[in-house]
Amino acid sequence: MDLDPSQMTELWERCARLDQMDYFEVLMVERSVVPADIKKAFYRESRTYHPDRFFHLDNKELKDRVHELYKRVTEAYYVLRDDAKRRQYTANISGPERAQKLRFTESSEAETRAASKRQVEEQIGVHPKGRQFYQTGAADADAGRWASAERNLKMALTYEPANTRYKEKLAEVQKVLLEESRKQGDAFKIR
């Protein structure tokens, strides 16, 4: 493959801008791109900048730059194709520290994993018994067994007293129980 002077200039410019480009710019796609288009862009760019296409160049510096560009294209693909990593990365490059967050590093990976874990824990809970009682209580609530749901949710809260999801579900169940007792005329019943 022989490069004409304009292609060579374009290649040098692209390699020189590499440190200021985010992954969307590296793959030459918009931030709102769908996963299928990310894959297409990756294949297009990886074919264009694969180091084997430039083995014949005498300029070692250019070869090294092309190799770096190819690695960045691959890195961009692996980050942008994963929804959680993409969300984290997009948030990082949208913030005030954009220049420091252009590359998805090991610490970014750890942040993403920790955020996913926190999200799961907030939704379900961290203690196995708490999760078990919550799931049973939620199933009871779905089936309309309100008293049983209340007992199980209170038990879940004994294992995880700070879990907001458990508290919210218990409040919903207690509201239904209160409404039912008022309909039956048991407004002054002590619970």
Side-chain angles (χ1 to χ4, degrees), residues 22-43 73-98 100-191:
D22 63 40
Y23 293 150
F24 296 101
E25 293 167 337
V26 168
L27 290 180
M28 296 165 62
V29 295
E30 296 293 321
R31 288 190 186 185
S32 60
V33 69
V34 295
D37 290 338
I38 290 172
K39 190 173 187 176
K40 287 177 190 173
F42 166 69
Y43 285 128
V73 165
T74 305
E75 189 178 301
Y77 174 66
Y78 283 108
V79 170
L80 297 181
R81 74 179 181 155
D82 182 296
D83 290 336
K85 289 178 184 176
R86 181 178 176 177
R87 248 190 323 276
Q88 177 74 37
Y89 181 75
T90 303
N92 286 346
I93 63 169
S94 299
E97 299 176 350
R98 182 183 192 281
Q100 291 82 21
K101 303 280 187 166
L102 290 176
R103 306 273 314 262
F104 198 79
T105 61
E106 291 296 322
S107 63
S108 302
E109 179 81 28
E111 279 178 33
T112 302
R113 269 192 248 116
S116 296
K117 184 178 178 184
R118 273 194 311 274
Q119 186 178 19
V120 167
E121 287 174 353
E122 287 172 2
Q123 290 178 355
I124 300 172
V126 289
H127 196 281
K129 284 287 194 185
R131 283 194 304 264
Q132 180 183 0
F133 278 113
Y134 174 77
Q135 289 170 340
T136 304
D140 286 339
D142 291 341
R145 298 184 297 267
W146 302 111
S148 179
E150 181 183 36
R151 279 192 305 277
N152 283 310
L153 291 169
K154 284 182 176 178
M155 286 300 297
L157 280 166
T158 61
Y159 290 99
E160 293 186 48
N163 190 308
T164 54
R165 185 176 184 140
Y166 294 2
K167 289 177 184 178
E168 289 170 359
K169 190 68 170 179
L170 179 60
E172 288 174 26
V173 168
Q174 288 176 331
K175 182 179 178 186
V176 171
L177 280 171
L178 183 63
E179 289 171 5
E180 282 186 353
S181 68
R182 284 187 180 153
K183 286 179 186 174
Q184 295 174 357
D186 300 341
F188 296 105
K189 184 177 178 183
I190 298 174
R191 295 191 151 263

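In this text the structure is predicted, and so the values were computed from the model without any measurement.
For the atom pair CG (L27) and NZ (K39), the distance works out to 14.0 Å, reported to the nearest 0.5 Å. For the atom pair OH of Y78 and NZ of K85, the computed distance is 10.0 Å after rounding to the nearest 0.5 Å. A distance of 10.5 Å separates CG of N163 from CG of L153, quoted to the nearest 0.5 Å. Taking CZ of R86 as the reference point, atom CZ of R81 lies at 13.0 Å (rounded to 0.5 Å). In this structure, the separation between CG on L177 and CG on L170 is 9.0 Å, given to the nearest 0.5 Å. To the nearest 0.5 Å, the span separating NZ on K129 from CE on M155 amounts to 8.5 Å.
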query: Can you check side-chain contact (heavy atoms from CB on, under 4.5 Å) on E172 and K169, steps first, answer last?
result: CA-CA 5 Å; E172 288 174 26; K169 190 68 170 179; 3.9 Å; yes
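A heavy-atom distance below 4.5 Å is found between the side chains of R31 and D22. In this structure the side chain of Q174 reaches within 4.5 angstrom of the side chain of K154, judged on heavy atoms. Within the 4.5 Å cutoff, the side chain of V29 has no heavy atoms near those of the Y23 side chain. Side-chain contact check for R151 versus F133: every heavy-atom pair is 4.5 Å or farther apart.
A tilted orientation is assigned to the rings of F24 and Y89, their planes being inclined by 30° to 60°. Taking the six-membered ring for Trp and thresholds of 30 and 60 degrees, Y134 and Y166 have nearly parallel ring planes, at less than 30 degrees apart.
Closest approach of P161 to T158, counting heavy atoms only: CD-O, 4.1 Å. Across all their heavy atoms, A149 and G137 have their closest contact at CB-O, 3.4 Å. The shortest non-hydrogen separation linking A156 to G130 is CB-O, 3.5 Å.
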